[in-house]
Amino acid sequence: MSETIHVSVAWPYANGDMHVGHLAGAYLPADIFARYHRLKGNRVLMVSGSDSHGTPITIEADAQGISPRELFEHYHHRFVKTQLEMGISYDLYTHTDTENHHRIAQDFFLKLYEGGYLYQETQQQLYSESEDRFLADRFVEGTCPICGYEEARGDQCDQCGNLLDALDLINPRSKTDGSQPIIRETDHYFFDLPKFADRLLKYLDKHQNHWRPNVINFTRNFIESGLKGRAVTRDVQWGIDVPLEGWEDKRIYVWFEAVMGYISASVEWSHNRNQPDAWKDWWYNPEAKIYNFIGKDNIPFHTIFWIAELMGVERIYEEDDSKTLSLPYDMPANEFMNIKGAQFSKSRNWAIWLPDLLERYDPDAIRFYVTFAMPENRDSDFSWSEFVRRNNDELVATWGNLANRVLSFAYKHWEGKIPDPGETRAIDHELIEEINKGFDIVGGYLEEVKLRAALQECFRLAREVNAYLDHAPWFGVIKNDRESAGTTVFTALQAIDSLKIMLSPFLPFSSELLHSYLGYEEPLFGTQDIVTIEEDSRDHEALTYNPAKSTGRWAPSDLKPGASLRKPKPLFKKFDDDVIEEENNRLGLPRQ
RNA sequence: GGCGACGUAGCUCAGUGGUAGAGCAGGGGACUCAUAAGCCCUUGGUCGAUGGUUCGAAUCCAUUCGUCGCCA
């Protein structure tokens with residue numbers, strides 16, 4: 001029976017390029033998962049987008065002398081391109097500065113406000129008279145009250161590392177013009193999280209058996225150590241207007257609205273397809289399973305704040321008051337992918353940037369290594385020597401070579417046609433049976449989001465086929481027992497055809513290529529497109545997935561003897577060992 | 001300082017009470033269809049340390065050392 005699956009993917013913050021940590025943390029696992037479910041014939045909706053608001057974008061824009069919108073659109077464009085090239089198959093990848101998202105975020109805000117979940121409180125904050133605005137912590141510098149360092153930032157001192165309250169800085173000054181700010185009172189709305197504590201704990205109880213232990217433990221601990229109200233408005237210019245009279249100078253806090261993108265993007269996708277209510281098949285369907293792929297730094301924002309928002313809103317754009325918004329079924333958070341043991345750092349350029357990586361390597365080689373090194377249980381390490389080793393000694397040697405040796409042999413000796421299996425033998429049945437069991441085993445791992453285990457099983461099966469080819473008669477008997485050779489080659493082709501499907505969520509590009517070598521006319525997957533979506537006041541760029549022509553099915557091979565093959569070429573490239581030193585030398589240098 | 005994670009073969013990692021595992025690398029062998037790839041065999045570990053619980057501990061508890069993260 002077909003299932004309904006929503007794949008919500010964490011929204012990347014559009015103030016810098018994507019790096020390999022992003023890919024390993026959320027985007028690649030989400031894509032593998034979504035592709036698998038599509039092959040299973042399940043109804044999948046995978047959405048995300050660029051998070052375009054918030055202070056870091058304003059600061060970066062100020063530094064570059066451009067507007068926040070120009071800045072985030074620059075990175076949004078690069079995100080779209082990078083993810084297209086990487087094959088991250090969003091049904092819709094949009095951003096948070098669309099009219100659609102603004103409207104939905106404001107409606108959410110009002111719903112929570114009317115529901116009594118927002119309360120007002122007066123705070124003290126630094127205000128710049130010369131700039132006529134409140135200064136976010138990151139816009140203030142001053143002397144650290146703890147160590148006396150004179151260049152401390154408003155939120156943290158770089159010398160002693162202590163976190164600071166900007167109000168405690170000695171001799172505070174505006175980072176923009178150096179003027180001395182004054183303390184001024186300001187009103188803000190706060191989200192009443194303590195009201196949700198009991199319901200959140202019940203929600204966790206319901207899911208504790210299938211969530212990852214780190215996610216459930218962290219979340220429970222966070223709730224039990226006491227939830228506090230969190231400000232949902234800010235005194236900034238860049239962001240979504242607070243939809244209340246007298247609050248025109250304030251914006252909705254970015255953490256509060258960005259997560260609503262999971263719904264706003266679903267709504268936008270429906271709208272773009274002229275099926276305005278289609279999104280409800282996921283968000284108002286108790287049978288639908290919503291999976292939220294995130295990095296560990298995002299855990300509380302999703303497992304607590306976002307869930308509380310959904311609970312508080314109850315329903316939106318829905319008349320039937322017996323229905324409430326669906327809550328995520330799982331939040332498979334990954335840990336971090338570090339580089340040689342040290343955490344990613346933009347300022348030190350300690351990063352593997354995806355646009356750079358894609359210039360030099362094929363997406364499947366990257367996807368393969370990143371999946372094998374995926375930080376599912378704990379932090380993992382990106383290492384160039386491992387990248388080269390995994391590529392050369394496993395991807396190329398075990399799988400690429402297997403496909404190539406069988407296909408080229410078949411193509412050469414049977415005039416480009418699939419040989420007839422003739423009379424099959426026990427060894428053939430044993431192999432095919434083993435391969436066919438893989439669909440359940442690999443599929444089971446994928447459903448539990450154990451992606452590394454799934455990929456390992458695929459490779460174990462590929463080794464089985466290689467071993468089979470050592471025992472079965474083929475190249476040695478091609479001259480005097482063509483029939484036996486045909487049986488072996490047909491069986492091996494069948495095995496490869498099946499493995500191609502199992503590997504395709506991980507390696508979509510090379511699987512598609514192999515699919516065509518095996519003679520298929522129609523592709524496994526649909527197509528990805530960059531589109532421009534028009535709204536009344538502005539357009540935006542988006543990445544979409546069109547499944548119309550996809551024919552891939554999560555099922556054993558059904559190869560037809562006599563059908564035509566295409567002339568095969570190696571699926572993957574080997575890397576020279578020099579790559580390791582070259583790439584290591586690039587690390588930490590200023591970026592070109 | 002508080003909280004938490006991690007420390008298992010040369011490398012990357014599985015393994016949460018019942019005789020230490022995988023892949024790759026290293027060594028040996030037979031083969032040649034294939035990107036010198038593949039196959040068979042094989043060498044590697046007192047599971048960070050110490051103490052405890054248990055018939056039995058990599059696995060539970062305590063202490064400790066080391067690495068890292070989050071928070072103050």
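A, B, ... follow the sequence lines: proteins, then strands. Residue 1 opens every chain.
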Specify the separation, in whole Å, of atom CH2 of A/Trp384 and atom C1' of B/rC11.
-> 18 Å

Go through B/rA34, B/rC3, B/rA14 for me and flag the one nearest to the A/Asn221 side chain.
-> B/rC3

Using purine N1 to pyrimidine N3 plus N6-O4 or O6-N4 for Watson-Crick, or N1-O2 and O6-N3 for G-U wobble, each under 3.5 Å, what pairs with B/rC33?
-> none

At under 4.0 Å, does any side-chain N or O of A/Asn214 touch on OP1 or OP2 of B/rG4?
-> no

Contact class for A/Leu571 (heavy atom, under 4.0 Å): base, sugar-phosphate, or nothing?
-> base

salt_bridge(A/Lys450, A/Glu448) N-O dist < 4.0 Å | yes

Considering only the C1' atoms, how many Å lie between B/rC47 and B/rG7, rounded to the nearest integer?
-> 10 Å

Euclidean distance for C1', B/rA62 against B/rU53 (whole angstrom) = 11 Å

Using the C1' atom in both, what is the distance from B/rG29 to B/rU43, to the nearest Å?
-> 15 Å

Can a side chain N or O of A/Arg390 be found less than 4.0 Å away from OP1 or OP2 on B/rC24?
-> no

Hey, is the side chain of A/Arg463 poking within less than 4.0 Å of OP1 or OP2 on B/rA22, counting only N and O atoms?
-> no

Identified pairing partner of B/rA62, criterion: Watson-Crick or G-U wobble below 3.5 Å | B/rU50

Between A/His413 and A/Phe218, whichever has its closest RNA chain B nucleotide further toward 5' is A/His413

With under 30° as parallel and over 60° as perpendicular, where do the rings of A/Tyr203 and A/Trp211 fit, or are they tilted in between?
-> perpendicular

Can you check the A/Phe459 CZ to B/rC39 P distance for me, whole Å?
-> 12 Å

Between B/rG52 and B/rG17 - C1' atom distance, rounded Å | 15 Å

Quick one: label A/Arg460 by what it contacts on the DNA or RNA (base, sugar-phosphate, nothing), any heavy atom closer than 4.0 Å.
-> nothing

Can you check the A/Ile496 CD1 to B/rC33 C1' distance for me, whole Å?
-> 12 Å

Nearest whole angstrom, please: distance from the P of B/rG69 to the CG of A/Asp381.
-> 13 Å

When you compare B/rG23 with B/rG44, how far apart are their C1' atoms, in angstrom units rounded to a whole number?
-> 15 Å

Between B/rA34 (C1') and A/Tyr411 (OH): distance, integer Å | 17 Å

What distance, rounded to whole Å, do you find between the two C1' atoms, one in B/rG26 and one in B/rA9?
-> 12 Å

Considering only side-chain heavy atoms of A/Glu394, which listed nucleotide, B/rU35, B/rC24, B/rA14, is closest?
-> B/rC24

Between CZ of A/Arg482 and P of B/rC33 the distance, given in whole Å, is 15 Å

So, A/Tyr189 versus A/Tyr119, ring centres under 6.0 angstrom or not?
-> no

Is a side-chain donor-acceptor pair under 3.5 Å present for A/Gln494 with A/Asp428?
-> no

Among B/rA37, B/rC33, B/rG38, the one nearest A/Lys574 by side-chain distance | B/rA37

Side-chain N or O of A/Arg378 less than 4.0 angstrom from OP1 or OP2 on B/rA14?
-> yes

A/Arg405 side chain: which of B/rC3, B/rC33, B/rA37 is closest?
-> B/rC33

Residue closer to the 5' end of RNA chain B, A/Lys573 versus A/Asp393 (nearest nucleotide) = A/Asp393

Taking the six-membered ring for Trp, does A/Phe475 stack with B/rC33 (centroid gap under 5.5 Å, planes within less than 30°)?
-> yes

pair_partner(B/rA5), Watson-Crick or wobble, both distances < 3.5 Å, evaluates to B/rU67

Quick one: do A/Asp235 and A/His188 satisfy side-chain hydrogen bond (donor to acceptor under 3.5 Å, both in side chains)? Show the steps, please.
-> CA-CA 9 Å; A/Asp235 289 295; A/His188 282 293; 2.8 Å; yes

Is the closest basic N to carboxylate O distance between A/Lys500 and A/Glu512 below 4.0 Å?
-> no

Closest of B/rG38, B/rA34, B/rC40 to the A/Ala467 side chain is B/rC40

Ionic contact status for A/Glu335 with A/Arg378, cut-off 4.0 Å | no

Glycosidic conformation of B/rG29, syn or anti, with 90° from 0 as the boundary?
-> anti

Could you check which of B/rA14, B/rC11, B/rU35 has an atom nearest any side-chain atom of A/Glu386?
-> B/rC11

Identity of whatever pairs with B/rG23 - Watson-Crick or G-U, under 3.5 angstrom | B/rC11

Pick the C1' atom in B/rG10 and in B/rA5, then give their distance to the nearest Å.
-> 26 Å

Integer angstrom distance from the P of B/rA34 to that of B/rG38 | 15 Å

Under 4.0 Å between any heavy atoms, over every strand shown, what does A/Asn392 touch: base, sugar-phosphate, or nothing? Just pick one.
-> nothing

Does the distance from a Lys or Arg side-chain N to an Asp or Glu carboxylate O, for A/Asp205 and A/Arg220, drop under 4.0 Å?
-> yes

Take atom CD of A/Glu464 and atom P of B/rC39, then tell me their distance rounded to the nearest Å.
-> 10 Å

Give the nucleotide from the list B/rG38, B/rG23, B/rA34 with an atom nearest to the side chain of A/Asn466.
-> B/rG38

When the distance from CH2 of A/Trp399 to C1' of B/rG23 is rounded to whole Å, what number comes out?
-> 18 Å

Do the side chain of A/Asn401 and the base of B/rA34 come within less than 3.5 angstrom through a donor-acceptor pair of N or O atoms?
-> yes

